[in-house]
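Only this structure's heavy atoms are used, side chains among them; waters, hydrogens and symmetry mates stay out. Chain naming here is simple, since letters A, B, ... match the order of the sequence lines and numbering starts at 1 in each. Worth saying up front: this structure is predicted, and the values here are computed from it rather than measured.
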Number of protein chains: 2
Amino acid sequence: MTPADRPTRYRRQSDAELSRMEIMEGAALCFEARGFAATSIDEVAARIGSTKGRIYHHYASKSELFLDVYRTGMRLIFEAVEPHIEADLPAFDRLRAMLKAHVLCVLRTKPFQNVVRQGVDMLRHGVMPAREHAELIQLARLRDSYSDHFLTVLEQARAEGAIDYQNIKIALNSVFMCLNGPIVWFTPRDGQTEEEIDLLADECVLYTLRLLGQAAAPSRPLPSPKSHQGEPA
Amino acid sequence: MTPADRPTRYRRQSDAELSRMEIMEGAALCFEARGFAATSIDEVAARIGSTKGRIYHHYASKSELFLDVYRTGMRLIFEAVEPHIEADLPAFDRLRAMLKAHVLCVLRTKPFQNVVRQGVDMLRHGVMPAREHAELIQLARLRDSYSDHFLTVLEQARAEGAIDYQNIKIALNSVFMCLNGPIVWFTPRDGQTEEEIDLLADECVLYTLRLLGQAAAPSRPLPSPKSHQGEPA
DNA sequence: TTGACAACATACTTTGCAGTATGTTCAAGT
DNA sequence: ACTTGAACATACTGCAAAGTATGTTGTCAA
C-alpha cells in the first residue's frame with residue numbers, strides 16, 4: 001500500500017471522522033466473522049486496504065476500537081426505534097412499530113449488532129483491560145435502558161389486552177432472541193432488494209407478535225408499510 | 001498442585017475416560033465464559049486444579065478439545081430428543097415433546113450447548129487449523145440432520161393444521177432462537193430446584209408454540225409431565 | 001515558503017500462549 | 001523386584017499479535 005494508491009490520502013482533520021467510520025466498518029465485519037479475541041488489528045487493517053499504523057493513530061487499543069463499534073451499533077438501533085417509542089398510538093401498535101424498526105435495523109447493520117451482542121455477553125466475565133471495562137458497563141446500562149422501553153410497552157400492551165405472557169423477563173428475552181435471530185442466521189445475498197428485506201422483517205415481527213399471544217387477528221396492516229406474501233429466504 | 005493433593009492420582013487406563021470428562025467440563029465452562037479464542041489451556045487446567053500437561057496428554061490440540069466438547073454437546077441433546085422423534089403421537093404432540101426435551105437439555109447442559117453454538121458459527125469463517133476443520137464440517141452435518149428432524153415434524157404438524165408459518169426456514173430459525181435463548185440469558189441460581197427449571201422450560205415451549213401460530217388451545221397437558229403456573233425467573 | 005501538525009506507513013519490541021520436551025510417580029503385568 | 005507404560009507435572013521454545021517508536025508525506029495557517 002503505497003501512498004500513490006490513494007489520490008487524496010491527506011484530507012486533514014475535517015474528515016477524520018470519515019476515516020474512523022471506515023475503520024469501524026472494517027472492524028465490525030472482522031469482529032462479526034471471527035469474534036473480538038480472534039481478530040487481529042492487522043486483519044482489520046488489511047480489510048480496508050491499510051496498515052496497523054492508521055488504526056492505532058485513531059484508537060489507543062483494540063478494546064477501544066471494539067467499544068466504538070459497540071457504541072455505534074447501539075446508537076444506530078436506538079435512533080431507528082426511538083421515533084416509535086412515544087408515538088401517539090395504542091400500545092400494541094407502538095410495540096409492533098418498535099419491533100419492525102428493530103429488526104430492520106438489525107438486518108441493515110448486522111455486523112454492528114453482532115458486535116453489540118458480543119459486548120453484552122462479554123461483560124459477564126471480565127476480559128477487558130480494567131479501564132475499558134468501565135466503558136463496557138456504561139454501554140450495558142445503555143442497552144438496559146433500551147430494552148426497558150420494550151418492557152414498558154409490553155406491560156402497556158398487556159394492560160390493553162392485546163398480548164399476553166407469564167414472566168415478563170422470560171417473555172422479553174424470548175422476544176429479543178427472536179428479533180435478533182437474523183444476526184445469527186441471516187446472510188445478505190447479492191441481488192437482494194429492499195423489499196425482500198422488508199418482507200423478511202415482517203415475518204420476524206409476525207412470529208414475535210405471535211409469541212406474545214397476540215390476540216387472534218393475524219395482521220391489521222400498519223399505516224406506512226405495505227403488506228406482502230412471499231418466500232423471503 | 002503437588003501429587004499429594006490427589007489421593008488416587010494414578011487410576012490408570014480404565015478411568016481415562018473420567019479424566020477426559022472432567023477436562024471437558026472445565027473446558028466447556030471456560031469456552032462458555034470467554035469464548036474459544038480468548039480461552040487459554042492454562043485457564044482450563046487451572047479451573048480443574050491441574051496443569052497444561054494433563055490436558056495435552058489427552059488432547060493433541062486446543063482445537064481437538066473444543067471439538068470433543070462440541071461433539072459431546074451434540075450427543076447430549078440428541079440423546080435427550082431422539083426418543084420423542086419417532087413416538088406414535090400426532091405430529092403436534094411430538095413437536096411439543098421435542099421442544100420440551102430440547103429446552104430442558106439446554107438448561108441442564110448450558111456450557112456444552114454454548115460451545116455447540118460457537119462451533120456452528122465458527123464454521124462460516126475458516127478459523128480452524130485445516131485438519132480439525134474437516135471435523136467441524138462433520139459436526140455441522142450432524143447439527144443439520146438434527147435440525148432436520150424438527151423441520152420434518154414442523155411440516156407434519158402444519159399438515160395436521162395444528163400450526164402455521166410462512167417460510168419454514170425462517171420459522172425454524174426463530175424456533176431455535178427461542179429455544180436456545182436460555183443459552184444466552186439463563187444463569188443458574190444457587191437454590192434452584194428441578195421443578196423451577198421445568199417451569200422455565202415450559203414457558204419457553206409455550207412461547208415457541210405460540211410463535212408457530214399454535215391454533216388457539218393454550219395448553220392441553222402432555223401425558224407425563226404435570227402442568228404448573230408460577231413465576232419461574 | 002516554511003514550520004507545524006494531522007494522517008498515515010514501516011520497522012521494531014514485547015508478551016501471552018499454544019505446543020513440546022522432559023522429568024516424575026505409581027500401577028499392573030511378568 | 002524390575003520393567004514398562006499410562007498419567008500426569010514442570011520447564012522450555014516459538015510464534016503471532018498487541019502495542020510502540022519512528023519515518024514519511026501532504027496540507028494548511030501564518
### Query
Looking at the side chain of D42(B), which of dG19(D), dA18(C), dA9(D) is the nearest nucleotide?
dA18(C)
### Task
Answer with yes or no whether K52(B) presents, from its side chain, a donor or acceptor under 3.5 Å of a partner atom in the base of dA18(C).
yes
### Task
Quickly work out the L65(A) CG to dA17(D) C1' distance and round it to whole Å.
15 Å
### Query
How long is the span from the CD1 atom in I85(A) to the CZ atom in F78(A), to the nearest 0.5 Å?
5.0 Å
### Task
Measure from CZ on R54(A) to C1' on dG19(D) and round the result to the nearest Å.
19 Å
### Task
Rounded off to whole Å, could you give me the CD-to-C1' distance for the E22(A) and dA7(C) pair?
13 Å
### Query
If you measure only the distance, is there a donor-acceptor pair under 3.5 Å linking the side chains of S63(A) and R131(A)?
no
### Task
Select one nucleotide: of dA17(D), dC8(D), dT20(C), the one nearest the side-chain heavy atoms of Y56(B).
dT20(C)
### Message
Under 4.0 Å, heavy atoms only, any strand: does S63(A) hit a base, just the sugar-phosphate, or nothing?
### Response
nothing
### Query
Rounded to the nearest Å, what distance is computed from the CD atom of residue E64(B) to the C1' atom of nucleotide dT20(C)?
16 Å
#### Entry: Length of the CD1-C1' vector between I23(B) and dA7(D), whole Å
10 Å
### Query
In terms of the angle between their ring planes, are F150(A) and F176(A) parallel, tilted or perpendicular, with boundaries placed at 30° and 60°?
perpendicular
### Task
Show your working on salt bridge (charged side-chain N to carboxylate O under 4.0 Å, His left out) between E64(B) and R71(B) and close with a plain yes or no.
CA-CA 10 Å; E64(B) 284 204 4; R71(B) 201 187 333 270; over 6 Å; no
### Message
What is the distance, to the nearest angstrom, from the CE atom on M128(B) to the P atom on dA18(C)?
### Response
13 Å
### Query
Counting just side-chain N and O atoms, does H57(A) come under 4.0 Å of either OP1 or OP2 of dA9(C)?
no
### Query
For S147(B) and L172(B), which heavy atoms make the closest approach, and how far apart are they?
O-CD2, 3.9 Å
### Interatomic distance, I41(B) CD1 vs dC15(D) P [rounded to whole Å]
19 Å
### Under 4.0 angstrom between S19(A) side-chain N/O and dC8(C) OP1 or OP2
yes
### Query
Of the candidate nucleotides dG19(C), dA7(D), dC8(C), which contains the atom at the shortest distance from the side chain of A16(B)?
dA7(D)
### Query
Which comes earlier along DNA chain D counting from the 5' end, the contact point of T39(A) or that of G53(A), where each point is its nearest nucleotide?
T39(A)
### Message
On the nucleotide dC17(C), are OP1 or OP2 found under 4.0 Å from the side-chain N or O atoms that S40(B) carries?
### Response
no
#### Entry: Phosphate OP1/OP2 of dA9(D) contacted by S50(B) side-chain N/O (<4.0 Å)
yes
### Query
Nearest-Å distance, OH (Y59(B)) to C1' (dA7(D))?
14 Å
